[in-house]
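To start, the structure under review is shown below, and the notes come after it.
Values in this document were obtained by computation on a predicted structure and should not be read as measured data.
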Amino acid sequence: MTIAKVEVERLSLTSSKSFDAIVAALKSAVGQPDMVEFFRETRATNSFPDLERVVQRGLGRTDLMLFAEFDLGDILRRETGSGTPKIKRFVVGNPLIMKEMVKHVPDAGSYAPVTVLIDERPDGVHVSYDKMESYLLHYGSPEALAVARALDTKITTLLRECAG
């Protein structure tokens with residue numbers, strides 16, 4: 001068994017926008033395909049160009065899609081009977097971007113698609129993202145790092161837009 005330490009850089013923005021406004025901005029920027037249908041279609045393709053077409057149809061204007069959404073706050077609110085906290089985790093990405101990273105660093109599949117966390121706190125709404133470059137840095141692949149940096153730029157631009 002091998003254990004490696006991975007130091008992760010977290011980008012965190014604090015916004016005065018409402019939680020719901022930030023969530024709506026994020027969701028409007030990423031594709032939201034029906035994931036059961038999306039995976040059925042991708043498995044049914046017979047060529048890479050066919051697969052690319054299916055993926056492209058599922059992407060939003062940011063070239064990203066929403067894979068899953070977890071309302072973590074709902075669980076906590078049910079426990080306390082309160083209207084707070086509001087915390088949502090969004091799993092977003094692009095299978096074609098993931099493919100490029102995994103081609104060079106198979107472990108990149110552990111980190112992609114990425115997580116965006118949006119949570120409401122007393123000082124505002126926090127939008128957080130763990131940078132892909134930091135996950136892949138210790139693998140030493142310039143090719144994977146170039147893809148990771150481009151993904152980080154895409155995600156951070158999106159988050160600044162949503163929180164700004």
Side-chain angles (χ1 to χ4, degrees), residues 1-32 35 55 58-80 82-164:
M1 175 168 56
T2 303
I3 297 175
K5 273 192 172 182
V6 178
E7 187 173 320
V8 178
E9 290 182 3
R10 171 163 282 187
L11 167 77
S12 189
L13 306 168
T14 305
S15 177
S16 59
K17 283 186 174 179
S18 75
F19 178 88
D20 293 334
I22 294 173
V23 168
L26 176 76
K27 290 174 90 170
S28 73
V30 298
Q32 297 181 59
M35 291 315 289
V55 170
L59 300 175
R61 68 172 173 78
T62 56
D63 288 331
L64 299 167
M65 69 174 63
L66 178 63
F67 286 90
E69 176 181 337
F70 302 98
D71 189 343
L72 307 174
D74 181 54
I75 296 166
L76 293 167
R77 290 188 306 271
R78 288 173 190 260
E79 178 185 49
T80 64
S82 172
T84 59
K86 292 183 179 179
I87 306 171
K88 286 194 177 188
R89 176 181 178 215
F90 297 90
V91 180
V92 300
N94 178 327
L96 302 174
I97 294 171
M98 291 185 294
K99 167 195 67 81
E100 288 303 309
M101 287 186 294
V102 171
K103 191 170 20 176
H104 302 289
V105 175
D107 284 356
S110 295
Y111 314 119
V114 302
T115 291
V116 172
L117 185 68
I118 302 174
D119 67 288
E120 189 174 61
R121 302 180 198 177
D123 66 336
V125 177
H126 290 241
V127 182
S128 302
Y129 165 66
D130 296 338
K131 293 177 66 181
M132 183 60 72
E133 179 184 12
S134 66
Y135 282 121
L136 301 187
L137 197 56
H138 79 279
Y139 293 97
S141 168
E143 299 86 359
L145 283 173
V147 176
R149 286 182 190 115
L151 176 61
D152 286 343
T153 297
K154 190 179 292 283
I155 298 286
T156 56
T157 299
L158 169 63
L159 300 184
R160 284 188 176 108
E161 177 186 303
C162 294

>> As a quick check of understanding, evaluate side-chain contact (heavy atoms from CB on, under 4.5 Å) for Arg77 and Asp71, giving each step before the final call.
In response: CA-CA 10 Å; Arg77 290 188 306 271; Asp71 189 343; 3.3 Å; yes
> Does the side-chain contact (heavy atoms from CB on, under 4.5 Å) test come out yes or no for Glu133 and Glu9, once each step is laid out?
Replying inline: CA-CA 8 Å; Glu133 179 184 12; Glu9 290 182 3; 5.7 Å; no
>> If you compare all heavy atoms of Tyr139 against all heavy atoms of Val105, which two are closest, and at what distance to 0.1 Å?
In response: CG-CG1, 3.5 Å
> Say you draw a straight line from NZ of Lys5 to NE2 of His138; how long is it, rounded to the nearest 0.5 Å?
Replying inline: 12.5 Å
> Would a 4.5 Å heavy-atom cut-off, applied to side chains only, mark Thr156 and Arg160 as touching?
Replying inline: yes
> How long is the span from the CG atom in Leu137 to the CD atom in Glu7, to the nearest 0.5 Å?
Replying inline: 9.0 Å
> What heavy-atom pair brings Ala163 and Ser15 nearest, and what distance separates the two atoms?
Replying inline: O-OG, 2.6 Å
> Is there a donor-acceptor pair under 3.5 Å between the side chain of Lys88 and the backbone N or O of Gly73?
Replying inline: no
>> Can you give me the closest heavy-atom contact between Met101 and Ala112, atom names plus distance?
In response: CE-CB, 4.0 Å
> Are side-chain heavy atoms of Pro95 and Met65 found at a separation under 4.5 Å?
Replying inline: yes
> Residues two or more places apart in sequence or in another chain: which of them pass ring pair (Phe, Tyr, Trp, His ring centres under 6.0 Å) with Tyr111?
Replying inline: Tyr135
> About how many Å separate CD of Glu161 and CG of Leu13, when rounded to the nearest 0.5 Å?
Replying inline: 12.0 Å
> If you round to the nearest 0.5 Å, how far is OG of Ser12 from CG of Asp130?
Replying inline: 10.0 Å
>> Can you confirm whether Leu96 sits close enough to Asp63 that some side-chain heavy atom of one is under 4.5 Å from a side-chain heavy atom of the other?
In response: no
>> I need the Leu151 CG to Leu145 CG distance, nearest 0.5 Å.
In response: 12.0 Å
> Is atom CZ of Arg10 surrounded by more than 12 heavy atoms (other residues, nucleotides or ligands) closer than 6.0 Å?
Replying inline: yes
> Shortest non-hydrogen contact from Pro85 to Leu76?
Replying inline: CG-CD1, 3.7 Å
>> When you compare the side chain of Leu158 with that of Val116, does any pair of heavy atoms fall below 4.5 Å?
In response: no
>> For Lys27 and Phe90: C-alpha separation, side-chain torsions, deciding distance, then whether side-chain contact (heavy atoms from CB on, under 4.5 Å) applies.
In response: CA-CA 9 Å; Lys27 290 174 90 170; Phe90 297 90; 4.2 Å; yes
> Do we see a donor-acceptor contact under 3.5 Å between the side chains of Arg89 and Thr115?
Replying inline: yes
> Heavy atoms, side chains only, cut-off 4.5 Å: are Asp119 and Leu72 in contact?
Replying inline: no
> Between Ile22 and Cys162, which heavy-atom pair has the shortest distance, and what is it?
Replying inline: CG1-O, 3.6 Å
>> Would you compute the distance between atom NZ of Lys154 and atom CG of Leu64 and round it to the nearest 0.5 angstrom?
In response: 6.0 Å
> When you measure from the side chain of Thr14 to the backbone N and O of Gly124, does any donor-acceptor pair fall under 3.5 Å?
Replying inline: no
>> For Leu136 versus Ala148, what's the shortest heavy-atom pair and its separation?
In response: CD1-CB, 3.9 Å
